[in-house]
Structure formats: structure tokens, C-alpha cells
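First the proteins, then the strands, lettered A, B, ... as listed; each starts at 1. Predicted model, so just to flag it, every value in this text is computed and none were measured.
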Amino acid sequence: DTPLVGIVSISATEANNARYIVGAKAAAKEIGWDVSVIDAAGSADQANAAIQNFAQRGSAAIVDMVFPYSSIGAGLQAAKSANIPVVTWGGGLGSSVAATNGSGGPMVVPVDELMLKAMSGKGSILALTYHTGEVCRNREVELDKALAANPDIKVTKNEVRIPGYFEDGAQYANAWLASHPAGQENLAIWGCWDDPAIGAIGSLRAQGRDDVKVYGVNGNAQALENIKNGFMTATAWQDSYTEGYNMIKLLPEIRKAGADWKPKAVEVPAVLVTKDTIDDFIAKHPDAMK
Amino acid sequence: MSDVSYTRRLSPSTRAALGVFARYGTIIGLLAMILVFSFLSPHAFPTFSNFINVLNQASLAMIIAGGLTMAVIVGELDLSVGYAASLHGVLVTGLIVANHLPIPVAVLIELALGALIGVVNGVIVTKLKVNSVIATLGVGTVLVGLSFAYSAGVPIVSGVPESFLQLALGRWLFGIPNPIIFMALVFGGLWLLVERTAIGQEIQAVGGNPAAARLAGINVDRIKILGFVLSGMCAALTGTLLAARLGSGTTNAADSYLLTAFAAVFLGSATLRDGEFHILGTLIGTLIIVLGFNGLNIFGAPTFSQFVFQGAILIVAVGLASLGRSLAES
Amino acid sequence: MSDVSYTRRLSPSTRAALGVFARYGTIIGLLAMILVFSFLSPHAFPTFSNFINVLNQASLAMIIAGGLTMAVIVGELDLSVGYAASLHGVLVTGLIVANHLPIPVAVLIELALGALIGVVNGVIVTKLKVNSVIATLGVGTVLVGLSFAYSAGVPIVSGVPESFLQLALGRWLFGIPNPIIFMALVFGGLWLLVERTAIGQEIQAVGGNPAAARLAGINVDRIKILGFVLSGMCAALTGTLLAARLGSGTTNAADSYLLTAFAAVFLGSATLRDGEFHILGTLIGTLIIVLGFNGLNIFGAPTFSQFVFQGAILIVAVGLASLGRSLAES
Amino acid sequence: MNPVPTLMAAPPAVPFVAASAVSKSYGGAQALRGASLSVLPGEVHGLVGANGAGKSTLIRILAGLTQPDTGEIAIEGRPVAIASPHAASGLGMSFIHQELAFVPDMTVLENIMLGLPKKTTRLGLVDWAAIQRDVAPIIERVGITAPLDAAAKSLSTAENWLISIARALVWKARLIVMDEPTASLSASECRKLFSIIRGLSASGVAVLYVSHRLDEILDLCGRVTVLRDGRSVAVLDGPGLTRRGLVQAIVGGAVEHLSKSRDTARGEVVLSVRGLRRLPRVTEASFDLHRGEVLGLGGLVGAGRSELARLLYGADRPDAGSMTIEGGPFAPRTPAGAVRAGLGLVPEERRTEGLLLGKSVAFNLSLGNLTPLLASPVLPFISLRKRARLAQATIRDLSIKASSTEQPVGRLSGGNQQKVVIGRWLRSKPEVLILDEPTRGVDIGARGEIHRLIRELAGHGMAVLVISSEPDELPDLCDRVLVMAEGRIVRELAGTDLTRSAIIEASYALTEERVPA
Ligand SMILES: Nc1ncnc2c1ncn2[C@@H]1O[C@H](COP(=O)(O)OP(=O)(O)OP(=O)(O)O)[C@@H](O)[C@H]1O
Ligand SMILES: Nc1ncnc2c1ncn2[C@@H]1O[C@H](COP(=O)(O)OP(=O)(O)OP(=O)(O)O)[C@@H](O)[C@H]1O
Ligand SMILES: [Mg+2]
Ligand SMILES: [Mg+2]
């Protein structure tokens, strides 16, 4: 029997998730494993069920995508009692998790630095946040840290919903733009990931506003496209393909080590992408636009 | 023993006032809301450009709500509209980017597909006799699956031509954003259809009492299917415009319109007519929701208050209208 | 002139077979599904431990669906259950982690709160006379707002005691996972209530014909409120168990139960009785959905097929049942 | 044999229920203007009046379903406020309303016990065995033969009436109010009901009896209150209680009687039916319907006449048989198809099948016949002005009592609602018009008008099929009558053979052969 790696994805609709899965599949092929993906459609309960089901099937390892380890208690318990290692992507390291990467918090730091440099200490920011997501929360913490040194920058924070982040981003942008007319101060819109920012770009374009800089994180294809067209200022590209690839390559090691395995993070650094670097970037990572 | 003889509880003038309130309550509420927000944010809220921006933003939700109104007028619910719109967004970009179809052709194909989804919904409801909640929930779920099957969940992004984006971002008439134009055309068309045509009379009859409509010689099944078809076509238009606005087709981009549209349609039923669904009501219902959201945001109200506002306005508007109505008639 | 004559469409035996099919179709479907999956995954699917596993997973959705059944039996929809369960999950962890309340006290507070939410829903529907779709959508949205107000959307995680997690993860009786026990208690209790008590008679009457129930002197409003209260309490239990299972309280953790519960309740109405909602039917409905999900997972079917399956099973099961019924009666 | 209550010379001191000076308005419509009513213990009291006189409204007030604007109600001399149906039953009253109220999916026994306190076991569960023992004598007395665990929806209208009566008896009500109970009962079922009513009266239970059938009123009631335009205009008893007296009080003047115009020549065959069957209710029906004739379809309730009408109209599909219309083949698959072929139907259940209660009179009148409303022949739009004008004309022609063309039709009284359903077909002029119980629940004034209307339509060349369960109605109205029994057309009556007694005799022909007394 070929070993099976079970992947539980928070949302296969999301581009980075999809790319991680592609990377994982490529690596699995190389090491001769099978891959099976379950979409938990954003529901932690379904994620737990899916992990339990993989344990039931006797899979060799389980990958948890994005659900924090703290919300998959029942799944981890089932996997542990079946001696199946669980690794996370963006779900953190804790409880019985064996390895993690893609902890997207620190990714935002270069984006924040770029944004604050452009504003040179003055202006207004619309921050589109998503508290329920662990990664988004960590990015917000980083933003707050960076902003602490810039007391003259006013921040408006709005919470987006999933699904509905495009529409929410657009509506929040509309309202914020109404009270921040062009030509009076430095303006920026910050998305805790790309999609809400892309929703906001819709509003900017509909209103013909080109005075607002827009920043995202994750570097999904749509964000890269927007950077190429000049509508988005910068994003941090998460190399989720490599993350998925590396993680799967790690799994046989984890299995071999068994009880001796020391849990660890195996991060892949993010790449800051701006108008200036986009062409180089695409040349180097042509599949990032897919 | 206490006095138990009856006395008239409400004077005729009170009743009349309550009747007015029941009919115009939501409109009064809308105006009051506009006044309050104008007072709170005098520079940002009550401006022409803000109004156009809000309307532009709301147009997509409005179109889907207009279509949904047609389904509820014929007495059925259509829970598939959000999922359908998402699927249309994916497909229309796919048709343009991958299959290199001319934009008008792609859009027409979507509209036809929207009509087809409506026919499927309608046939399941009228011929298989499945409750419309379950039928459209089922069809909607299948549509999500189809969207995955087509795109594997990955948004279709690169190569979306600028001319397609202009569908949503352009201002082809008197500088009015296109979505507003589309929305006005949809609402005007639907209003004329329902209120001023013979088919519209049949649509209203089927919604009012399907058994009586059938015996009066109306083909009830066909009218119900028509309601679903119009709903499906509006979903197609919304999905297409959303893809143009975002520059991409994403599997769940339009899912959240379902709730907004529902709320708008039911708010609308509390407007002007006695608890009936109608097109004009839906228009006003959507305005209340989007202007409320916008006003609260501009004022800088915290996130939680927006949810509370949205939930409360629904209950209060519909509740006061029906309470006023039943008191006025008592 | 041609003679247009009719011939009898269905033989009596065909009709009888169709009648059986209409009543037992969903159960036959369930059995067929089990057979197919057993054949596809002979080692993993048809095992006792997998069955317990599936039932354990399904228990939370079942409890919420059981509650929802009470609301639909009295003729109303309750769209607030998913949001309410999420809120309860946040609050119960908050009460335990931040307010250091003993676990039983926290759970009882949630149940009381669930009942209160039910009363609010019920009063809005019966006294303000707001359509239940809009009322419970409104209340649900307000609950989301309250959840944000309480936790700002941040999941409550750290410091959740192990003893609380045991509520969902423990096996206190004969090695059966606790959620299954809770689920069995809820279903047993609701079944007895509806089928065997005097109040149950009133519940059935209100659902079957509210006008007749009212004329018979039944306090229809009170019974409807009771339906909402039971629905609210089941949502509270589900939310609490979910928080225990996840080890955290998250603003939207239980939202997706709404659709599952709906599908289960409507699937259930196609089971055994002629399109009526009932507790036993809901039990079978949830089993179909959850076993389908589990079987497809274990078999390793691609994502899109899971959506297509879920959508199609709804339509097919309910459609065949009602088609069989109407043909059998024709 | 129960004795007929004797006409009492002096009523006993305290009436069981007394309503005085009760007024009630709905929006603009004044339904009651100071009406009074008193019912003595143990008497059978009649309540009569034209459509819209306010009978049902008065009863709804007693039942706690609506609250009066002004007025006073006393039970056994004590003033009370009846806030809800629950309160009404607490006061010892039980109601059988005009629209039958039962829960179709529940069983006979459950429906009998609906809303009544139930015996429970020690565990708090309903003790159905004990309840069944308790109600057995009542079921026997009322004459329910269906199994107690059958679903109520599988029972006939008559049997559901018996359920309501049984419920009242279980509750030991002191007053049972019946709003037009015989409107959908057969003659034999009526006789059974009457004997039950007499039995109730003899055992001290008062009955308030509403009906448009004056013969029944005269037969059953000791005293009769007459309502006209929301006022109680007369209380008749003893020698003053005559048919003539009642009619005068109801109408407020003399009534002219319809004299049948026999001069309409019957034309060629329009609709021809051969061997139509749909089991179990229609076994075999063959007949021809001619242009310009009024053809009656008589028989007992349940004979299958409405089912036959539905077959003609494409609302149901037959098992076998064939039809032609104007010589061409005719096999409608839907009512829409039948309408296109030139049929029209005034259905039996006007509220559920005939009308959109929430829509205006004008809307209801134009339903199914929208072509005349088109603003122009090329555009698909309709003209609301035309609609209002046509509605106004119809309201005038049929003297429909409505405040305006825009009044919701649900707020009209039963008779006026019926006129709206008929009025719908007045303009579109179908070749064949089927009227199913067109005068059920319609007062004598309106009934005369409806009859005149039917003759007039026939006079204009329409072929009319009238279904009626009242043997009195058909001989006056029809040129020819077919009698149906147990799904078959058993007799054709015309000319001098066409009499009330011939219809009754034919209706029972089959039944009596099969069911020995
Ligand atoms: N819910 C209502 N809203 C408005 N008007 C009403 C309502 N119910 C009754 N009416 C009006 O009150 C008047 C009395 O109606 P009611 O039903 O009491 O008459 P009725 O004597 O029972 O007539 P019928 O013999 O036709 O049953 C009518 O004019 C009717 O239009
Ligand atoms: N599906 C059914 N099951 C049982 N009883 C039924 C059913 N349909 C109709 N009935 C009963 O049969 C009678 C009506 O039958 P039908 O309408 O065919 O006869 P009808 O001669 O037209 O009688 P009516 O005078 O009521 O119009 C009513 O008593 C009704 O309650
Ligand atoms: Mg009446
Ligand atoms: Mg009949």
C-alpha cells in the first residue's frame, strides 16, 4: 500500500491554499505517496471531522491548512491515538503538532515598512482586518507595532467577513473615501490579506481615485495582476508552493523519527513584490500568476 | 367586579395614522436615517458623490435582489442566487480568458445559462414538487461543485481584458457608473413587467393564490418557472458585473449577496403595500441596508454596531409595519 | 374526427409500490449509500469504530437540527440557530476562561440564554407579526454583532480547562462519546414531547393548521414561542459542545451548521410521513448527509464531487419522495 | 325520537348568552351596528340575514376571535370580555365555524381532543386508551363510523363536521354555535345533524344555528334573530315565526320571484362527453351540453359531481373516456388548456380556489381574462384605467356590495365574493360555463340575482352546467337536469319530469339499493 497524506484545507477556493496543495502533490509524487484533499469549507468542526476520517483511513500523515492547532482538538486527539503525525500550514505549532510553516504573521513586516516609509509619518490608513483568523490577527499585531512609532497616522480599522470580503472591502473603502477626499493627505489601504484590498481597489477604480496606495499580503495572482497594472502598491508573496513541497518532503523524516521527533517550524521566506520588482518576479515565478 | 364592557380602543384618526405608518414607515425610516447621518457626518455623508458611490456599490446586490423579488412574488424562495452569481463570475472570465470569446457573446452565454439554472430550479419545484427552499439549496450546492470542477477553486485572473472591466467600471452614459444604469434598467423592466403587463398580472395572481390562479386558466407552473428564470438571469448579470469589477472570477465572491438580497426583499415587503413583495419595495429595502452601512461607517461606528444595526433595522421596520397594519385594522 | 381517449395511467400495484417508495425512499437511499461506500472502502467505511466516529461527528449538527425541527413543526423557520450556536460557543468559553465560572453553571447559563433568544424570536414572530425568515435573520445578525461586541471577533482560546473539553471529547458512558449521548437524550426527549404529551398534540396542531388550532382554543402564540425556545436551547447545547470540541470559542465556528441542519430537516420531511416535519425524519436526514460526507471522504472523492453529492442527494431524495407520493395519489 | 322543542310562551329569566348593542367596523366597513342577540339555555336559536349582514362577525366576537368596538356581552347575566378563543371555551361555548377547522394530518381522535384537556399517565404522557374509553359514547351518539386513528384528511366534509360536534360534546359545552353547517352536507347527513341538534337541545345544551336555508330554520329553531345591515331587526318566535315573516325581515321588503323563461331555444351540441372515468369518484359519465341551455347536475354530496367538473376543466386527468368541443377533439391537460378551448369554471370552494383574497375586486375580476385590458393591440401593457372601468361595470351589473374597485376581495361577505368569481367569466364569455354550487352560502336576494344572471348568459348562447346539492334550486333554474349517484349519471330529467322530488328520488336510487336500511 502506498502511504497516504491527508490534507484538510480551510478553503480550496483560496489561491494560496490551492498552490500549497499543488506543491504538496508534486512532492508526494516524488516520494511515491498518495494525496487526498478534503475541503472543510471554513468550518473548524468539519476540519476536525476530516482529520478524524483520515485517522480512520489509516493515512500516513495529515496536513492541517490554516485552522489553528487550538481549534482542532478533537482531530489532534484522534490522530495522536492512531499515531499519525499532524503538521500545520498557518496553524501554528502546539499541542501534538509535529511541524509547521506558512505562519503568515511576520510576512507583513516588509509591507508595513514600505507603507510607512511612503507616508513619512503623516496621513490616514484604512486597515481591513479579520480577527477570527489567527494569521490575520498576527499581521494586525505587527501593523500596530509599526504604527506605534507613527502617532500622526490615523488608522480606521474595519472587520471584513468570510465570505463577503470583496464586498466588505469595497463598502468600507467607499465610506472611508467619502471622508478622506483626494489631495489633502497621504492615504493608504491595508488588507490583512489581498482579497479585501482587491475589493477596495474596485471602489477606488469606480470612483477614479488614484491617490490612495493599496497594500496586501499573500501575493495571490490577482494581487500580482493589480500590481502589474498599477492599482496595488505592494504585497508580500507567500511561496506556498514551496511551503507545501517542503512540508511533504519532511513527512517521511517525521515518521521515521517517531516519538523522537522534535516539533519545529520550517518557514519559507516571503517575497516583497512592488511595481518595480513585479517583472523580475514573474520571470522567476511564472506559476505565481496562475 | 371590574368593568368589562367594550369601548373602542383606538380613535379613527389614530387608526388612520397607524395605517399611514404601516405603509410609509420604512420610507420614513429611510429618510430619518439619511437625516441623522447627514447631521452626524455633514461633510462626507450627504454629498452627491457619496450617494453615487453608494448606489454604484449597491447596484450589484440590488440586481440580485430584484431577481429574487421575482421568485418570491410567485411564492417561492431562491437560495441559489448567491452561489449562481459566483459561478457566473468564474465562467464569464473563463469564457473570455481561456476560450477567447468576445465579451458580448460571453455575457449573453451567461444570461442564457442563468435562465437555464432558473429553469432547472423551476422544474424541480413545479414538476418534481420539491419545496423551493430545499430545491434551490440543493441546486446552489451543486453549482458550487460545478464551479470547483471548472476552476478547482482557483480564481481566474490573468488576461482579463480591460474592456471587460469597463463593463463595471465605465461610465458610458452622462458620467453615471454603468452598474447603476444596469440596475435602473433591471428595476424599470421588472417593474413594468409585474405592474403593467398581462404576464405581470398572472405573476401576481400565482403569488397570491396558486390554486385560484390555476382554475382561472393561468399556467401556474410556467409562471413559477418564469419567476426562477428572471431570478437566475439577474444572478447571472450580478455575477458578470462583479467579475468585471474585481477583474477576476472567484468561486465564492458573490455568496454573501444572498443574505443582503433576502433582507432587502423582506424589508421591501413592509413598504407601501400590505406585506406583499414588490419591486419598488425591494429598491427601498436595499437602499436602507446600504445607506445604513455606509452612514455608520462614515460616522466611524465599531464593527459590532453594524451587525446590530442591520439585524435591528430589519426587525424594527417589518415589525412596526405589520404591527401598525394590524392595529389600524383591528 | 379522431378520438382522443384516455387510458389509465398507472396500475394499482404500481401506485402502491410508488407509495412505499415515497415513504421509505430516503431510508432505501441511506441503505444504498451505505452499501456503495462499504463496497468502495471495505476496510475503512463499514466498521463499528467508523460508525461511532461518524455518529460522534454528526451529533452536534443533529442536535441543532433537532431543535430546528421544533421550529419548523410549529410552522416557522429559524435562521438564527447557526449564529446563535457560534455566540454560545464564544460566551461559554468566556464565562469559563474570563469569569472563572464552574463549567456546569456556565453551561446552564448558556441554555437559559438559548431559551431567551428563542423567546425573543418567538415574540417578534407572534406579537410583532414579523415573518419568521426575516425575524430570525434579523436576530441572528444582531447575535453576530453581540459576539463581536463581546470578543471583537478574536477566538477565546487560552486557559480553556481540560475538564471543559471532556464535555465533548470524553466517553462517560460505556465508552460512547459524550456528544452521541447528548444527541440521543435530545432526540429521545423531543420525540416523547412531540409524540406522546399533551403539549406535543398542541405543537402538532399548530403546525398542521394554525387557524384550526386557534379556533380550538389552543394558545398558538405560546406554542410557537415554545418551538423557538426549544430551537434556541438546542443551538445553545450545540454551541457549547462545539466550543468544547474545538477547545475555543470562535465568532463564526457554528455558522455553517445552519445549512446542514436545514438540509437534514427537509430531507427528514421526505421520510416516513407525507412531507411532514418530524423528529425521526430529521435523525435520518442528518445521517444521510453526514454519512455521505464521511463516505466520500474515506473514498477520497475530489472536492467538487462532495458539493455535487450534497446538493444532488437533497433534490433527489425529496424529489423522488414527493413525486412518488403525487403519482401514487393521482 | 327526540321531541321538537316546544315554542315557549315565556322565556326563562336568564339567557345563557346575551350580547347587546354590539358594533364592529373593519377599516371603513361597518359590519355590526348595535346588534343584539340572546340565546336561552337549551334552545335552538336561529340567526339569519343576507350576505354581509354580520352573522359571522357576531359569532367571531362571541368566539373571542375579534373584539367589538362597543357593546356588552353577558354569560348567564354576568358581563364578560372574551379575549381569545381559549376564553370563549372556558365560558362553556363551542364553535363550528363557517370554514371548517381541523388538522388534516392528525387522526380523528386527536382532532376530537384538539385543544381539550387530556388525561395523562403518571409519567405525564397522554393516556390515549383512557381518552378513547371516555369518548366512545359520544362518538357513538354523534355517529362517527371512521376508525379513530384515520387521518382527518381522509374523511369527508360531513365526517369532519361530526368531529367538531363530538369535540363540543366532549367539552360539555353549554352552547354550540354552528355557522352554516349544512352548506356542504347531503340531505341524509343533514337529517342526522338535525336529530343530533334536537338531542342536544333536549339535554339542555343551547344551539345557535346560522343558515340561509329557511326551511331548516323553520324546522329546527324555536326562536330566530334576524340581522340586516349589522342591526338585529327582528326576533321571531311562536306563531310569528313563518317563512314569509323571515323573508320580509331579512330583505326588508318584498321579494320578486324568478319566473323561468322557457323560450330559450336549445342550440347545437357544444360539449360532448363519452365514457369519462376517474376512479374512485367518477365511474362513468356521458352527456351532451347544448348551446343556450342550462344543464343541471344534481345528486348527493359526494356523488362525484365536482370531480366530474374538474375532469371537464382539465384540473384532473381522467382514466378513460373522450370529449369533443364544438365537434373537435378536446383533452385538456390543464385548466389553462380548457380555458383556451372555451371553458370557464366557478369552483366550489371560492375562498381557496376562486379568489385572491388579498387582491382587489378589480384584480380578481380581470383574472384569467386580461386581453380586454391591453392598452394597445401591439404592446403587451395593460391599462389600469380600463381595468377599473370594466370592474365598475361588473360591480354594477351584479350589484356587488363593495366600497370600491380597489377593496380587497377578502373583506367582502361570502355572497359578494361569489359574485366576484362569477363576474370574472361575464366578460370573457366562454362557450361553456361550469358553476359548482354557485349559490352555496348566498342569501336569497343574491341567489335570485345569480339565477337571473345564469339564465341571461344562456340566453346569449352560452352553454351552462350548474352543479347544485339543493334539489329546490335546479327545477327552477335548469332546462334539463342530470342526476349523479356514486360516480354515475343515473337519470336525465326534463320538461314536466323535472321536479324536486324526481331529483331526490334519483339521487337516492343507487344508495338505497345497496344500503339496506
Ligand atoms: N376581516 C374583515 N375585514 C374587513 N371587512 C370585513 C371582514 N370580515 C367581514 N367584513 C365585512 O363585514 C360585513 C359582515 O360580514 P359577515 O361575514 O359577518 O357577514 P355574514 O352575515 O356572515 O355573511 P354571509 O352570509 O355571506 O356569510 C361584510 O360587509 C364584510 O365585508
Ligand atoms: N380525496 C378525498 N378523500 C376523501 N373524501 C373526499 C376526497 N375528495 C372529496 N371528498 C369528499 O367527497 C365529497 C365531494 O366529492 P365530489 O366533490 O366529487 O362530489 P360532489 O357530488 O361534487 O359533492 P359536492 O356537493 O360536495 O360538490 C365531499 O364530501 C368531500 O369531503
Ligand atoms: Mg358568514
Ligand atoms: Mg362538489
Side-chain angles (χ1 to χ4, degrees), chain B residues 1-12 14-16 18-19 22 73-75 126-127 189 191-223 269 273-278 325-330, chain D residues 21-23 25-27 61 66-74 78-81 310 313-315 334-340 343-347 349-359 363-364 366-371 373-375 379-384 387 408 421 424 428 430:
Chain B
M1 214 195 98
S2 71
D3 182 50
V4 279
S5 69
Y6 296 91
T7 46
R8 194 183 189 102
R9 284 137 308 154
L10 297 169
S11 70
T14 318
R15 286 193 196 191
L18 280 168
I73 286 183
V74 300
T126 59
K127 306 299 178 190
W191 186 86
L192 272 180
L193 176 74
V194 175
E195 305 290 336
R196 289 287 179 272
T197 70
I199 293 265
Q201 300 285 302
E202 301 197 344
I203 289 174
Q204 293 186 44
V206 168
N209 181 348
R214 179 156 183 264
L215 289 181
I218 293 169
N219 191 328
V220 170
D221 286 1
R222 213 165 49 195
I223 294 289
S269 75
R273 297 199 191 167
D274 294 353
E276 257 177 82
F277 298 103
H278 60 133
R325 201 155 56 231
S326 64
L327 284 178
E329 279 169 12
S330 74
Chain D
V22 178
S23 292
S25 69
Y26 290 104
I61 287 171
T66 36
Q67 305 300 315
D69 299 330
T70 57
E72 225 170 295
I73 296 171
R78 276 181 301 116
V80 291
R310 290 175 63 84
Y313 198 60
T334 58
V339 169
R340 266 197 307 278
L343 266 70
L345 173 73
V346 175
E349 305 287 344
R350 60 179 162 261
R351 289 178 72 86
T352 53
E353 298 185 324
L355 294 167
L356 287 102
L357 296 173
K359 294 280 184 192
F363 188 100
N364 274 282
S366 67
L367 197 67
N369 180 31
L370 298 160
T371 327
L373 306 187
L374 291 181
L379 293 172
F381 299 112
I382 58 164
S383 153
L384 295 185
R387 189 174 82 177
V421 187
R424 177 181 306 155
S428 61

Notebook entry, point to check: Between D:Tyr313 and chain B, which part of the residue has a heavy atom less than 4.5 Å away: side chain, backbone, both or neither?
Noted result: side chain
Checklist line | Any side-chain heavy-atom pair of D:Asp69 and D:Ser25 under 4.5 Å | finding: yes
Notebook entry, point to check: Counting heavy-atom pairs under 4.5 Å to chain B, which of D:Val346, D:Leu356, D:Leu345 comes out on top?
Noted result: D:Leu356
Notebook entry, point to check: Taking only residues two or more places apart in sequence or in another chain, which ones pass salt bridge (Lys or Arg N to Asp or Glu O under 4.0 Å) with D:Arg310?
Noted result: D:Asp316, D:Glu353
Check: Taking all atoms of both residues into account, what is the closest heavy-atom pair of B:Glu195 and B:Gln201, and its distance?
Finding: O-NE2, 4.0 Å
For residues 212-223 of chain B, tabulate all N or O donor-acceptor pairs below 3.5 Å that involve a side-chain atom, not counting sequence neighbours.
residue  : atom : partner  : partner atom : Å
B:Arg214 : NH2  : D:Ala315 : O            : 3.1
B:Asn219 : OD1  : B:Arg222 : N            : 3.2
B:Asp221 : OD2  : B:Lys127 : NZ           : 3.0

Next item on the list: Among D:Ala74, D:Gly354, D:Gly344, D:Ala336, single out the residue with the greatest number of heavy-atom pairs under 4.5 Å to chain B.
Entry: D:Ala336
Note to self: When you measure from the side chain of D:Arg424 to the backbone of D:Asn364, do you find a donor-acceptor pair of N or O atoms at a distance under 3.5 Å?
What the structure shows: yes
Notebook entry, point to check: Heavy-atom distance under 4.5 Å to chain B: side chain of D:Leu384, backbone, both or neither?
Noted result: side chain
Notebook entry, point to check: Which one, D:Ile382, D:Thr334, D:Thr66, D:Thr352, leads in non-hydrogen pairs under 4.5 Å with chain B?
Noted result: D:Ile382
Checklist line | Side chain, backbone, both or neither of D:Leu373 within contact of chain B (heavy atoms, under 4.5 Å) | finding: neither
